[in-house]
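Please read the structure below before turning to the comments.
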Amino acid sequence: MTQMRLYIVGTPIGNLEDMTFRAVKVLQSVEAIAAEDTRHTGKLLQHFQIETRQISYYEHNQQQRIPELLALMQEGKEIALVSDAGIPGISDPGYELVQATLKAGFDVIPIPGANAALTALSASGLGSDRFCFEGFLPPKGKSRHQRLEMLKTETRTVILYEAPHRLQATLQDLSATCGEERKITIARELTKLYEQFWRGSLNEAIQYYQEHQPKGEFTLVVAGADISNVELSEAALKAELADLLEQGWSRSQASRHLAQLTNLPKRKLYQMALEL
């Protein structure tokens, strides 16, 4: 019997030449393609001469579609999931279908492709050895404030997505929370004709976009907080130590290094390392 599979297929975020040979082959061979926007994906399929039928799958119909897609896989048919751009499930519909597929006992196979977050990070000039992805911030209210407060003390590089009409407000909120001198790289229209990278401080970014109207899709890469200026909890300190140990540092080396950064006693940090 044919294996029941769901393929998670990465598609270009702008430049169609970023489509992989493997992605084209999979989209040609599956029974159906679950697409966030069938009109948008239709243009991609037409470009690569792919005639596989599409099934609409987006945020507001996914609960209806998931049983239909699982039924097709139950019949032994393979399905591919695509979003409008990039890798499905990354700030796009997808993880609910993945969860349901795994729960049903079917295979989930990733087909890697372009991703705006990692593309921006790789050329940002900011630390890429440790980072976190936050997607879109809550648009307003208490949840937005709480998320920003969490990012204030985040020592990893932070990656965000933002729409052009909300860019200025987000830059101002980040500046007010994280400090106007915090470094940021702003990537616009990645891989497209008008791709642009802007680098500087949050304060400089606010000034720049007061003079230049934001247009296109934005990915923000924000430098992490300076650990020497952050009051870390015991859990956070242990997480930092654990990360250093995983990188191959000895307990003594990790404790000494973190003590230099935080001005905390090395003996206290070494004891924490022993408890890990």
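Hydrogens, waters and symmetry mates play no part in the numbers below; they use all other heavy atoms, side chains included. Starting from 1, each residue takes its place in the sequence as its number.
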Please walk me through it: do N15 and L190 pass side-chain contact (heavy atoms from CB on, under 4.5 Å)? CA-CA 9 Å; N15 193 320; L190 286 168; over 6 Å; no

I need the Q172 CD to N203 CG distance, nearest 0.5 Å. 10.5 Å

I184: hydrophobic cluster co-members (side-chain, 4.5 Å): L137, L148, L151, V158, L160, L167, L171, L174, I186, W198, L202, I206, Y208, Y209, F218, L220, V222

Please check if the number of heavy atoms outside H145 that lie under 6.0 Å from its NE2 is greater than 12. no

Minimum-distance pair of heavy atoms, taken over all atoms of A116 and T219: CB-OG1, 3.9 Å

If you count heavy atoms of other groups shown closer than 6.0 angstrom to OH of Y161, is the number above 12? yes

Got a donor-acceptor contact below 3.5 angstrom from the E195 side chain to the T191 backbone? yes

Could you tell me if the side chain of F197 sits less than 4.5 Å from the side chain of R199, heavy atoms only? yes

Should L81 and Y95 be counted in the same cluster of Ile, Leu, Val, Met, Phe, Trp and Tyr side chains packed under 4.5 Å apart? no

Y7 to V30 - nearest heavy-atom pair and separation: CD1-CG1, 3.8 Å

Stepwise, does the side-chain contact (heavy atoms from CB on, under 4.5 Å) test hold for M73 with R5? CA-CA 7 Å; M73 285 185 273; R5 290 173 173 168; 6.0 Å; no

Between N61 and Q64, is there a donor-acceptor pair closer than 3.5 Å when you use the side chain of the first and the backbone of the second? no

Tell me whether Q247 at atom CD has more than 12 heavy atoms from other residues, nucleotides or ligands lying less than 6.0 Å away. yes

Please list, chain by chain and in numerical order, all residues satisfying side-chain contact (heavy atoms from CB on, under 4.5 Å) with S124, sequence neighbours excluded. L121, L126, T185, V221

Around E59, counting heavy atoms of other residues, nucleotides and ligands shown, do more than 12 lie under 6.0 Å from its CD? no

Can you check whether E234 reaches M272 side chain to side chain, under 4.5 Å on heavy atoms? yes

Would you say Y57 and L72 are hydrophobically clustered, going by side-chain heavy atoms of ILVMFWY under 4.5 Å? yes

Same cluster for Y58 and I66 if Ile/Leu/Val/Met/Phe/Trp/Tyr side chains link at under 4.5 Å? no

Do the side chains of L258 and L237 get nearer than 4.5 Å, heavy atoms only? yes

Quick check: is L102 connected to I79 through a chain of hydrophobic side chains (ILVMFWY, heavy atoms under 4.5 Å apart)? yes

Note: L245 and A254 closest approach over all heavy atoms is CD2-CB, 4.3 Å

Can you establish whether the number of heavy atoms outside K268 located under 6.0 Å from its atom NZ is more than 12? no

Do any N or O atoms from the side chain of Q207 and from the backbone of E204 form a donor-acceptor pair under 3.5 angstrom? no

CG (L269) and CZ (R251) are apart, to the nearest 0.5 Å, by 13.5 Å

Test side-chain contact (heavy atoms from CB on, under 4.5 Å) applied to T38 - qualifying residues, sequence neighbours left out: A35, Q54, S56

Worked verdict on R144 versus T170 for side-chain contact (heavy atoms from CB on, under 4.5 Å): CA-CA 10 Å; R144 181 179 178 90; T170 292; 3.1 Å; yes

Rounded distance [0.5 Å steps], CE in M4 versus CD in E78: 10.5 Å

Measuring only between side-chain heavy atoms, which start at C-beta, is Q253 closer than 4.5 Å to S250? yes

Separation of Q260 CD from R256 CZ (nearest 0.5 Å): 7.5 Å

Is a donor from one side chain sitting under 3.5 angstrom from an acceptor on the other, for T155 and E240? yes

Regarding R147 and E134, does a basic nitrogen lie under 4.0 Å from an acidic carboxylate oxygen? yes

OG1/T101 to CG/L69 distance, rounded to the nearest 0.5 angstrom? 7.5 Å

Between T157 (side chain) and G127 (backbone), is there a donor-acceptor pair under 3.5 Å? yes

With a cut-off of 6.0 Å (strictly less than), are more than 12 heavy atoms of other residues, nucleotides or ligands near CD of Q210? yes

Transitively linked via ILVMFWY side-chain contacts under 4.5 Å: I109 with V98? no

Does any donor atom in the side chain of E36 or S83 lie under 3.5 Å from an acceptor atom in the other side chain? no

Identify the heavy atoms of A23 and V9 that sit nearest to each other, and give their distance. CB-CG1, 3.7 Å

Sub-4.5 Å side-chain heavy-atom contact between I33 and I55: no

Take atom CD of E217 as the centre, draw a 6.0 Å sphere, and report whether it contains more than 12 heavy atoms from other residues, nucleotides or ligands. no

Return yes if a side-chain donor-acceptor contact under 3.5 Å exists between R182 and T177, otherwise no. no

Any non-hydrogen side-chain atom of L27 less than 4.5 Å from a side-chain atom of M19? yes

Shortest non-hydrogen contact between Q49 and Q28, atoms and distance: O-NE2, 4.3 Å

Strictly below 4.0 Å, N to O, side chains only: are E68 and R65 in salt-bridge contact? yes

Verdict with supporting geometry, D107 and L6, side-chain contact (heavy atoms from CB on, under 4.5 Å): CA-CA 6 Å; D107 291 335; L6 171 69; over 6 Å; no

Kindly check if the number of other-residue, nucleotide or ligand heavy atoms within 6.0 Å of CD (E17) is above 12? no

Taking the side chain as C-beta and beyond, is there a heavy-atom pair between E154 and C132 under 4.5 Å? yes

Report the distance from atom CD of Q196 to atom NZ of K215, rounding to the nearest 0.5 Å. 11.5 Å

Do the non-hydrogen side-chain atoms of Q146 and M150 ever get within less than 4.5 Å of each other? no

Closest non-hydrogen atom pair, F131 against R156: CA-CB, 3.8 Å

